[in-house]
Structure formats: structure tokens, C-alpha cells
Amino acid sequence: NAGVTQTPKFQVLKTGQSMTLQCAQDMNHNSMYWYRQDPGMGLRLIYYSASEGTTDKGEVPNGYNVSRLNKREFSLRLESAAPSQTSVYFCASSELGLWGNQPQHFGDGTRLSIL
Amino acid sequence: KQEVTQIPAALSVPEGENLVLNCSFTDSAIYNLQWFRQDPGKGLTSLLLIQSSQREQTSGRLNASLDKSSGRSTLYIAASQPGDSATYLCAVKDGTASKLTFGTGTRLQVTL
């Protein structure tokens with residue numbers, strides 16, 4: 001099983017450029033999440049989608065937008081990239097939303113550098 | 001605001017040792033606590049999830065305990081192996097279930 005697939009795996013952008021990070025899961029999960037991981041800090045939630053058709057802000061949503069395209073896919077867009085957005089981005093999914101006691105399943109991450 | 005701390009940040013042990021990783025959190029009103037493993041360049045893999053009403057969970061050589069009143073959880077790894085080398089993260093889901101708060105992890109190296 002592929003689980004959670006993220007594309008691309010690596011990307012270098014210039015300040016001000018835009019791009020979309022793609023995420024797809026094949027586990028028929030209802031909820032999907034976007035996190036960023038920075039050195040010396042724990043993972044921080046950017047946005048999440050409790051179910052198809054809904055999205056909500058997490059802890060650090062500024063500078064990002066998301067789209068829950070369908071049950072399988074949840075994309076993260078940087079409209080005007082800034083060096084502070086250099087990070088490793090992880091997508092995750094879970095069977096139920098935040099009220100569930102099911103674990104989250106993670107993709108392998110997208111390593112994004114903004115010059 | 002929930003804060004999650006993992007000490008030590010790094011740990012090196014010889015193969016075969018039993019070891020304990022620590023996780024502490026500041027707000028005891030949690031929904032659940034999860035332990036994850038992260039290999040270099042990879043995403044997180046869920047190891048154990050302890051619901052707020054539980055005291056411990058076991059999976060193979062792994063045992064996780066939870067003491068909400070003291071704001072602590074431990075991950076016990078028995079008979080460590082080189083393949084256990086990874087970073088171990090704990091994450092707490094707060095009582096309102098609005099978010100997971102992650103610790104910064106303990107990087108474990110098991111040497112031959």
C-alpha cells in the first residue's frame with residue numbers, strides 16, 4: 001500500500017514564487033493534515049481538513065492556502081514564498097477527525113528551500 | 001498553551017540494553033498521547049497511542065505508559081537493536097481535541 005504520497009520530494013524556490021504541494025492518500029481516510037517541521041521545533045499544524053469539503057486553520061496558517069480536492073487529495077499552496085517558509089512539509093491522514101483515537105499516517109515529506 | 005518536552009535530545013546505547021525515553025507535558029487535560037518514530041529523511045510512523053483513560057499500551061518490545069496527573073509518559077524499549085535507531089517523537093492531543101502538540105524528539109542510536 002502506498003499510504004500517503006507527497007509530491008514533490010524536494011523543491012527550491014525564489015522569494016515571491018508560488019507553488020502547490022500535493023498530497024494523496026489511498027486509505028479512504030476522512031481527515032487530512034498539513035504540518036511543517038523546523039529544526040529545534042516540534043511539528044506544527046498548518047491546516048487540516050476534518051472531512052471532504054471542509055478545511056480549518058491550524059497553529060501556523062499565515063502565508064498558506066489549502067484545497068481538499070476530493071476525499072483522497074489535499075493540497076497546500078504557497079502564494080508568495082518567503083524564506084521563513086523554508087521547512088520540511090508533511091501531509092498526514094487519519095480515519096476520523098481530531099476527535100478520533102486513531103493514529104495519523106504520514107507521508108515522507110517535501111523538503112522546501114526558499115532563497 | 002500545551003508544551004511538550006522530550007529529554008534527552010539524543011541518546012546512544014549499546015545493543016541489547018533496555019532503555020526509557022521520556023516525554024512531559026504541561027497541561028494534564030489531554031485527549032490522548034501518541035509515540036512516533038521518524039527515520040532520517042522519512043515521515044513519522046505511529047508506534048503507540050494511549051487514550052486519556054488508559055495507563056499503558058504495549059506493542060512487541062515497546063511499552064508506553066501515561067501518568068496524566070504528573071504530566072509524563074515514558075516509552076520503554078526492551079532489548080534494543082541497531083534497527084531501533086531513529087528519532088522518537090511524542091505528541092499530545094489536547095482535551096478539546098483541537099490539535100496535536102509535538103515534542104522535538106529524542107534521537108536514539110543503538111550501537112553494535
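Order of the sequence lines fixes the chain letters, A, B, ..., with proteins taken first and strands second; residue numbering starts at 1 for each chain. Because the structure is predicted, anything quoted here is derived from the model rather than measured.
Note on L19(B) and L47(B): same hydrophobic cluster, where clusters join Ile, Leu, Val, Met, Phe, Trp and Tyr whose side-chain heavy atoms are under 4.5 Å apart, directly or indirectly. L62(B) and W35(B) fall within a single hydrophobic cluster, where Ile, Leu, Val, Met, Phe, Trp and Tyr are joined by side-chain heavy atoms under 4.5 Å apart, directly or via other members. Under the 4.5 Å side-chain contact rule for hydrophobic residues, V110(B) and Y88(B) share a cluster. Under a hydrophobic-cluster definition in which Ile, Leu, Val, Met, Phe, Trp and Tyr are linked whenever side-chain heavy atoms come within less than 4.5 Å, directly or via other members, I114(A) and Y64(A) are assigned to the same cluster. Neither Y76(B) nor L11(B) shares a network with the other; the hydrophobic side chains, linked directly or stepwise wherever heavy atoms of I, L, V, M, F, W or Y lie under 4.5 Å apart, form separate groups for each.
Heavy atoms of other residues, nucleotides or ligands lying less than 6.0 angstrom from CZ of R55(B) number 12 at most. When the shell of 6.0 Å around NZ of K71(A) is examined, it contains more than 12 heavy atoms from other residues, nucleotides or ligands.
For Q38(B), the part sitting under 4.5 Å from any heavy atom of chain A is the side chain, from C-beta outward, and nothing else. At a 4.5 Å heavy-atom cutoff, the contact between L44(B) and chain A is made by backbone and side-chain atoms alike. Q6(A) does not touch chain B: none of its heavy atoms, backbone or side chain, sits under 4.5 Å away. Of the two parts of R44(A), neither the backbone nor the side chain holds a non-hydrogen atom closer than 4.5 Å to a non-hydrogen atom of chain B.
Residues Q104(A) and F36(B) come closest through the heavy atom pair O-CE2, 3.8 Å. The shortest non-hydrogen separation linking L49(B) to Q102(A) is CD1-C, 3.9 Å. L89(B) and Q37(A) make their closest contact through CD1-NE2, 4.5 Å (heavy atoms, listed as atom of the first residue, atom of the second, distance).
Interatomic distance, L100(B) CG to Y35(A) OH, rounded to the nearest 0.5 Å: 4.5 Å. Considering CG of L45(A) and OG1 of T101(B), their distance stands at 9.5 Å, rounded to 0.5 Å.
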